[in-house]
Amino acid sequence: MFISFEGTEGVGKTTLIRRLFEYFQQQGKDVVLTREPGGTPLAEQIRSLLLSVNHDEKMSNDTELLLMYAARAQHIEAVILPALGAGKIVLCDRFIDSSFAYQCAGRGLSRDKLHLLNENFVAQMPDLTFWLDAPIELGMTRARERGALDRFEQEKVTFFESVRSGFAEIHARDPERMKRLDATQTEDAVFAEALSYLE
Ligand code: TYD
């Protein structure tokens, strides 16, 4: 089983993933927790490139997209496919829906570009995706409290509104795979809602 977790900044993805990871472990399941961009040493290096703020040179949107997929290709081959092949449960903090929401809906890149990459470089779709949804302001306040903002977190509210509508579009298109969780609830309530879908 391959489960991904999506949402805008500060919606509580990390907390939910940790709790589900512990839940599966307690059940004696073999479970792997990983994230994108990242998840392998090389992909984590690409993540640093993607998140760091460089005032001397603006990263182009195409470069951003391709770096995301370079990291993803490495992650799929080195982590996701071997784990699924060994019968493990894979919990992944972000996956391809983030590319649609951030790079297409947010940055305005064409869907054709994304489609080309998904068709050629993504051999594995999640079985289930949790979309943690909350108003942008709420998440941004939480993100700010965490400390220095990364290159994405420095974007404006309007950017994140577009990202959020990108997730909403995927949810409308594929409600079977993507389940929306109301992230304005307490951590316990979000966890309980996620469990109800899993069961
Ligand atoms: P992450 O660390 O999950 O952010 P958060 O602090 O919200 O948990 O992800 C890092 C950033 O990468 C996040 O701002 C979203 C962005 N991202 C994309 O733009 N496209 C992608 O395909 C992925 C996987 C992430």
Side-chain angles (χ1 to χ4, degrees), residues 2-21 33-40 42-53 58-76 79-80 90-111 113-118 121-122 124-126 129-167 169-170 178 181 183 187 190:
F2 178 25
I3 310 175
S4 61
F5 299 78
E6 301 282 3
T8 45
E9 320 297 307
V11 288
K13 266 184 303 113
T14 312
T15 309
L16 175 65
I17 298 173
R18 286 217 191 96
R19 287 186 70 164
L20 284 173
F21 179 72
L33 199 170
T34 187
R35 70 170 178 184
E36 289 209 348
T40 86
L42 176 57
E44 289 289 330
Q45 283 186 307
I46 300 174
R47 178 189 176 90
S48 305
L49 289 175
L50 279 161
L51 297 193
S52 60
V53 180
K58 185 189 176 296
M59 186 181 292
S60 85
N61 291 338
D62 284 341
T63 304
E64 181 179 286
L65 176 72
L66 292 170
L67 285 176
M68 288 292 173
Y69 274 80
R72 178 161 299 138
Q74 187 69 21
H75 187 222
I76 291 175
V79 175
I80 297 180
V90 176
L91 305 181
C92 191
D93 190 342
R94 297 193 183 279
F95 196 60
I96 62 166
D97 299 315
S98 276
S99 299
F100 179 78
Y102 283 77
Q103 278 69 53
C104 291
R107 302 283 193 219
L109 287 180
S110 79
R111 287 145 198 248
K113 284 184 180 169
L114 191 78
H115 188 66
L116 185 96
L117 291 166
N118 286 337
F121 302 108
V122 180
Q124 185 68 50
M125 276 297 282
T129 299
F130 287 119
W131 168 36
L132 283 89
D133 187 35
I136 299 306
E137 272 306 332
L138 189 117
M140 286 187 82
T141 309
R142 287 194 204 152
R144 276 187 219 108
E145 283 163 3
R146 288 197 296 231
L149 300 178
D150 67 34
R151 202 172 56 83
F152 286 96
E153 289 165 345
Q154 292 189 356
E155 289 294 335
K156 297 191 180 66
V157 173
T158 51
F159 172 79
F160 292 110
E161 295 291 0
S162 305
V163 172
R164 188 182 183 196
S165 61
F167 286 126
E169 188 182 325
I170 302 168
M178 183 185 265
L181 302 177
E187 284 176 9
V190 174

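For this chain, numbers begin at 1 and follow the sequence in order. For ligands, and for the atoms within them, numbers begin at 1 and follow the listed sequence.
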For Asp93, check side chain to side chain donor-acceptor pair (under 3.5 Å) against everything at least two apart and list the hits.
Lys13
Could I get the full list of side chain to side chain donor-acceptor pair (under 3.5 Å) partners for Glu9, not counting sequence neighbours?
Tyr102
So do the side chains of Trp131 and Asp97 get within less than 4.5 Å of each other, counting heavy atoms only?
no
Exercise answer: donor-acceptor pairs, residues 138-146 side-chain atoms, under 3.5 Å, sequence neighbours excluded:
unit_1: Thr141; atom_1: OG1; unit_2: Glu137; atom_2: O; d: 2.7
unit_1: Arg142; atom_1: NH1; unit_2: Gly10; atom_2: O; d: 2.9
unit_1: Arg146; atom_1: NH2; unit_2: Glu153; atom_2: OE2; d: 3.3

Can you tell me which residues line ligand 1 if we count any heavy atom under 4.0 angstrom from one of its atoms, in chain and number order?
Glu9, Lys13, Glu36, Pro37, Arg47, Leu51, Met68, Arg72, Asp93, Arg94, Ser98, Ser99, Tyr102, Gln103, Arg146, Phe152, Glu153
Are Arg72 and Phe95 in a cation-pi setup, meaning NZ or CZ lies under 6.0 angstrom from the ring centre and within 45 degrees of the ring axis?
yes
Inspect the surroundings of CD in Gln154 and state if more than 12 heavy atoms from other residues, nucleotides or ligands are less than 6.0 Å away.
yes
